[in-house]
Number of protein chains: 2
Amino acid sequence: MKNIFEIVSTVPLFDGLSDDQLNEIKKIALSKRFNKGETIFSEGDPGNGFYVVAEGLVKIYKVSSEGKEQILHIFGIGEPFGEVPVFTGQPFPANAEAIAGSHLLFFPRADFVDLITGNPALSLSMLAVLSMRLRQFTVQIENLSLKEVPGRLASYLLYLADEQGKEDSVTLDISKSQLASLLGTIPETLSRIFAKMTDMKLIEVSGRKIKLVDRSGLMHVGEHGKSGE
Amino acid sequence: MKNIFEIVSTVPLFDGLSDDQLNEIKKIALSKRFNKGETIFSEGDPGNGFYVVAEGLVKIYKVSSEGKEQILHIFGIGEPFGEVPVFTGQPFPANAEAIAGSHLLFFPRADFVDLITGNPALSLSMLAVLSMRLRQFTVQIENLSLKEVPGRLASYLLYLADEQGKEDSVTLDISKSQLASLLGTIPETLSRIFAKMTDMKLIEVSGRKIKLVDRSGLMHVGEHGKSGE
DNA sequence: TCTTTTTCTTGACATAAGTCAAGGCAAAGA
DNA sequence: TCTTTGCCTTGACTTATGTCAAGAAAAAGA
């Protein structure tokens, strides 16, 4: 079993640090393991540090009083999460759960703040990470508030295709129920929209594989005319 | 006319800096003035620096292809905005407009990055600002996705009461149309909900003054039972 | 392989909230 | 003060999406 601290040198957040500095990072990191479905932290918990995914997949989400879930992020290998309380001193604003068996690196707050204080490159890197995340939230709010579900799905599929470097076919890395939660809807609605978009010959769905039949059609879903009908 | 650079020493972002450091800050700041309704920057513009409100009120917003507007933030005196591009190098993800005549301080990117590089207190302060903003977005996404409009309005009124330090009465600092946009809805819907909540004796509305008649009722709007009916 | 459990899909229905349109009110300017 | 302009309110209607329920398909386990 290989040393999971090796991941540190490949994490974008730690890019541009010297070997010495990377060793400092590794020194303060703790390894933690979570099974699929296990809670990593809950909203309201004190944030004593943040995490980096060494292996696995983690969802960050909120739950309404009626039990509906909204996923805020899904983080994979190399991505940090749970940093907000490190810098605000307040508790976690959302929940985190492993959606696959996961190895995580945990960075205790005080140690990390010490490190960042003497390390401008690291602090600029962290500022960039938080800024990118703000940008993503901006997009998510725009999607939730200004687009209907078909438009959100189309955007997500195009984003995935880009992410996966594939032109015309993507593979969902999460279940369709989870995708519904990420898009701010429920499985029934998502299912109907998959069916509708298939009818319209925009996509072809088989399990978690989705073929993008008409990319330019997808790009205009939800504009003036119909998104489906 | 007083020196608007005086504001620098009262901005939370610059808390804990020495007088020398505050002078450095003042040295790189530029004063800009915007009239009510004037655009400060637009989505897609390159971000050559960020702003701090010295006087006035600024809205950050997105617009859909159909023309619907979603306000992301409203910033008042002492609050910084437009920092994301400073640290990501990407263009602005949203638009900014003065909703009242405003004096702003502008901090050019390169100068500010130099400053932050040699100044751990400033960088931690900026990390705290971005983290707080992430937390706010978390709440906004939760509201948009997990609450109906009455629940969002109730939350906003309670938040405002807290903000204004008043127990049972608040004054809107923005128009009701703008409030609708902030809550992710349209003026017609907001107007109906104000009427409904008045009927239910939760609030009393007269112009921009709103009396919170039943705080505990407000807190439970949108839970199990009715939010209005 | 067969069974059990979860996830997904589809139908019938309810409802929150958007659209369109008209009128009333209030703030800004003459 | 009067007038003009934009903001707010209300009504009638449409529609996207949620709820409830049942069955089908797929995944996990025996």
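Chain letters run A, B, ... following the sequence lines, proteins first and then strands; every chain starts at 1.
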Spacing between B/Leu144 atom CG and D/dA16 atom P, to the nearest angstrom: 20 Å
B/His73 and B/Phe137 aromatic centres sub-6.0 Å: yes
Contact under 4.0 Å: A/Thr189 side-chain N or O vs D/dA16 OP1/OP2: no
Atom-to-atom span, CG of B/Leu183 to P of C/dA16 - whole angstrom: 18 Å
A/Ile186 CD1 - D/dA21 P separation (whole Å): 14 Å
Side chain B/Arg192 and base D/dG11 donor-acceptor under 3.5 Å: yes
Inter-end axis angle, the helix from C/dT1-D/dA30 to C/dA30-D/dT1, with every axis fitted to five base pairs (rounded, 10 degrees): 60°
B/Ile193 CD1 - C/dT15 P separation (whole Å): 16 Å
Nearest-angstrom distance from the residue atom CG of A/Asp199 to P of C/dT10: 9 Å
Of A/Phe41, A/Phe81, A/Tyr61, A/Phe50, the residue whose pairing with A/Phe92 passes ring pair (Phe, Tyr, Trp, His ring centres under 6.0 Å): A/Phe41
Basic-acidic side-chain contact under 4.0 Å: A/Glu83, A/Arg133: yes
Atom pair distance, as rounded to whole Å: NZ in A/Lys196 and P in C/dC8: 19 Å
Nearest-Å distance for atom pair NZ/P, residues A/Lys209 and D/dA26: 15 Å
Closest to the A/Glu148 side chain, choosing from C/dA17, C/dG18, D/dT17: D/dT17
Closest heavy-atom pair and its distance - A/Ala96, A/Ile60: CB-CD1, 3.7 Å
Please list, pair by pair, any protein nitrogen or oxygen found under 3.5 Å from a nitrogen or oxygen in nucleotides 7-9 of chain D.
residue, atom, partner, partner atom, Å
D/dC8, OP1, B/Lys176, N, 2.9
D/dC8, OP2, B/Ser177, N, 3.0
D/dC8, OP2, B/Ser177, OG, 2.2
D/dT9, OP1, B/Lys176, NZ, 3.1
D/dT9, OP2, B/Ser191, OG, 3.1
D/dT9, O5', B/Ser191, OG, 3.0

Short side-chain donor-acceptor distance under 3.5 Å, B/Thr138 and A/Lys62: no
Side chain to side chain, B/Pro91 and B/Pro46, heavy atoms closer than 4.5 Å: no
A/Ile99 CD1 to C/dT6 P, straight-line distance once rounded to whole Å: 18 Å
Geometric class of the A/Tyr159/A/Tyr156 ring pair [parallel <30°, tilted 30-60°, perpendicular >60°]: tilted
Interatomic distance, B/Ser181 atom OG to B/Leu72 atom CG [nearest 0.5 angstrom]: 8.5 Å
Earlier contact from the 5' end, DNA chain C, for B/Lys36 and B/Lys147: B/Lys147
Test side-chain hydrogen bond (donor to acceptor under 3.5 Å, both in side chains) applied to B/Gln178 - qualifying residues, sequence neighbours left out: B/Lys59
